[in-house]
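Numbered from 1 within each chain, the chains take letters A, B, ... in sequence-line order.
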Number of protein chains: 2
Amino acid sequence: MTTANLDPAENAIDIDAQQIRDAIRDAIVERRLAPGTKLSETDVGNLFNVSRTLVRAALQALSYEGLVNVEKNRGAFVAYPSVAEAQQIFATRRLLEPVILREAAPSIRKAQVKELRELLAEEVRLTNQRGAPARRAEIKASGDFHLAVAAMSGNAILKRFMDELVARSSLVIALYGQSVISSCGHSEHRQIVDALEKKDVEAACALMLQHIDHIEADLDLRPARKGSDLKDALQL
Amino acid sequence: MTTANLDPAENAIDIDAQQIRDAIRDAIVERRLAPGTKLSETDVGNLFNVSRTLVRAALQALSYEGLVNVEKNRGAFVAYPSVAEAQQIFATRRLLEPVILREAAPSIRKAQVKELRELLAEEVRLTNQRGAPARRAEIKASGDFHLAVAAMSGNAILKRFMDELVARSSLVIALYGQSVISSCGHSEHRQIVDALEKKDVEAACALMLQHIDHIEADLDLRPARKGSDLKDALQL
DNA sequence: GAATTTTCGATTGTATACGATAATAGGCAA
DNA sequence: TTGCCTATTATCGTATACAATCGAAAATTC
């Protein structure tokens with residue numbers, strides 16, 4: 001059995017393709033599924049008690065998000081971003097997130113600041129908690145902060161672009177991250193919120209760029225990867 | 001028969017989902033398929049001599065690009081962007097295209113200028129040509145210019161975002177465009193190339209923003225649409 | 001013993017079958 | 001006629017069946 005470890009929470013009745021997609025995406029983003037893992041159509045189907053038809057639809061959707069690679073006649077695999085791709089993902093975030101901040105800033109009111117601070121509180125709570133599930137939730141929470149800001153831009157298209165970038169970033173961090181707490185920057189998140197609250201957009205942008213730099217600095221983006229990890233992750 | 005007018009050029013042997021997707025996308029972008037047109041799975045399947053399975057995959061893919069709306073238990077329709085969506089598409093382009101220009105500028109060499117000028121020449125050639133096919137090709141060529149610039153940024157992710165924005169823009173122009181030659185701005189395209197050649201990125205960005213303004217100015221984005229057109233486009 | 005070929009098994013690719021849903025048309029009553 | 005209800009039909013949603021492909025192991029040859 002090559003495929004395993006998808007959250008069996010959705011074992012209710014009548015699953016649809018969207019739920020399967022979400023479950024797999026969450027598993028990838030929360031790093032329960034390692035990059036390179038094969039996602040066999042029959043195996044996934046059995047896990048959710050659905051036919052391959054729905055699984056294929058879900059896997060196809062994930063391939064558009066860049067989270068899964070579908071190789072013709074070979075199957076679907078959790079994406080295994082190259083160093084070049086990883087750099088491009090972060091380069092794009094550096095370009096987009098300041099733009100998003102500038103768009104979001106004018107519509108930041110007390111309610112928005114409150115919403116962001118609640119997300120910060122959740123991040124802190126998870127950081128102080130032990131265990132693997134808390135670590136996984138922390139990864140997701142860290143991304144959620146960036147997505148919340150994107151949502152405040154009021155631009156659904158930008159928000160969707162960020163959805164993809166944040167999800168793929170998690171994958172990259174899973175692959176190339178060095179420190180265990182790779183998504184460490186909740187203090188940086190707070191600084192950004194502080195700047196937004198003061199309507200100091202330029203400061204917020206500068207902090208955001210620094211923040212992205214720090215995330216990327218924690219990665220080991222040297223060309224070669226250790227072979228053992230690769231073989232492991234590919235599950236050959 | 002509700003569905004018709006897909007280019008039958010791909011009537012060779014062994015069509016796959018990707019080819020169907022491309023054929024339908026081209027038909028939408030070149031305005032051979034009006035917004036709102038129903039894309040029945042069986043009809044499209046018959047046109048390409050494939051089963052509904054492949055058609056569904058293609059339609060699903062197009063829905064991720066925002067070119068097609070899939071309504072549960074009702075079917076797929078060529079997207080019918082609302083005024084709000086249209087404005088968001090152009091707002092996003094205004095944000096992204098300057099960023100793209102700044103990214104692309106450093107790697108603009110003689111070869112790149114030449115490539116862009118060739119695209120301009122093609123646009124001019126099509127403009128001076130009569131007939132509906134030339135008009136359709138003109139629409140596509142106009143978008144290709146923006147996509148070529150995006151490709152020169154060297155950032156595949158940005159390029160893909162632009163792919164989507166340009167395709168959806170064509171749809172919006174089809175819906176809300178007033179003048180027949182809605183993608184008129186090939187002279188503006190030339191000015192942008194001129195600025196890029198002179199390494200004057202700021203001028204290029206300013207011209208790009210003006211250009212997008214002009215495209216949007218040609219649209220009739222007033223809330224209500226004339227009832228007749230709406231009925232026509234919905235093909236009821 | 002190593003390299004090449006062949007065979008076999010597993011997995012994907014596509015078509016089709018069947019059940020479910022929604023739109024339409026027809027009939028009935030007001 | 002108009003409104004409502006029912007029945008029909010067409011279309012979609014999902015499962016399954018069968019064909020095609022790929023990879024790995026076994027067999028053969030040098």
If you take all heavy atoms of [X] and [Y], which pair is closest and at what distance?
X	Y	result
B:Ala79	B:Gly66	CB-O, 3.4 Å
B:Phe48	B:Ile15	O-CG1, 4.1 Å
A:Ala58	A:Arg21	CB-N, 3.8 Å
B:Leu54	B:Ala17	O-CB, 3.9 Å

Could you state the atom-to-atom distance from [atom1] of [X] to [atom2] of [N] in whole Å?
X	N	atom1	atom2	answer
B:Asn46	C:dA15	CG	C1'	13 Å
A:Gln19	D:dG13	CD	P	15 Å
B:Ile15	C:dG13	CD1	P	17 Å
B:Glu41	C:dA15	CD	C1'	14 Å
B:Arg52	D:dT14	CZ	P	11 Å
B:Gln18	C:dG13	CD	C1'	15 Å

Enumerate the residues from residues 53-66 of chain B whose closest heavy atom to DNA chain C is under 4.0 Å, giving them by residue number; use none for an empty result.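 Residues of residues 53-66 of chain B that come under 4.0 Å of DNA chain C are, in numerical order, B:Thr53, B:Leu54.
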
Return the residues of residues 67-76 of chain B meeting this criterion: a heavy atom under 4.0 Å from some atom of DNA chain C. Order them by number, or give none.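 When residues 67-76 of chain B is checked for heavy atoms under 4.0 Å from DNA chain C, the hits, listed by number, are B:Asn73, B:Arg74.
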
Would you say A:Lys38 reaches C:dT12's phosphate, i.e. side-chain N/O to OP1/OP2 under 4.0 Å?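 Yes, within the criterion.
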
Between B:Ser63 and B:Asn69: side-chain donor-acceptor atoms closer than 3.5 Å: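 Checked: B:Ser63/B:Asn69 side chains show no N/O donor-acceptor pair below 3.5 Å.
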
Go through C:dT16, C:dT12, D:dT14 for me and flag the one nearest to the A:Asp16 side chain.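 Of the candidates, D:dT14 comes closest.
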
Is the backbone of [Y] close enough, under 3.5 Å, to the side chain of [X] for a donor and an acceptor to pair up by distance?
X	Y	answer
A:Glu71	A:Ala76	no
A:Glu85	A:Ser82	yes
B:Arg135	B:Leu126	yes

In degrees, rounded to 10°, what is the bend between the two ends of the helix from C:dG1-D:dC30 to C:dA30-D:dT1, using five pairs at each?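 Computed from the C1' atoms at both ends, the axes differ by 10°.
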
Side chains of A:Asp22 and A:Gln18 in contact at under 4.5 Å (non-hydrogen atoms):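 Counting from C-beta outward, A:Asp22 and A:Gln18 do come under 4.5 Å.
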
Please test B:Lys140 against B:Asp26 for salt bridge (Lys or Arg N to Asp or Glu O under 4.0 Å), starting from the C-alpha separation and ending with a verdict. CA-CA 8 Å; B:Lys140 196 176 172 62; B:Asp26 283 356; 3.3 Å; yes

Going by side-chain hydrogen bond (donor to acceptor under 3.5 Å, both in side chains), A:His211 matches just one of A:His146, A:Glu97, A:Glu216, A:Arg93. Which one?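 The side-chain hydrogen bond (donor to acceptor under 3.5 Å, both in side chains) with A:His211 is passed solely by A:His146 among A:His146, A:Glu97, A:Glu216, A:Arg93.
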
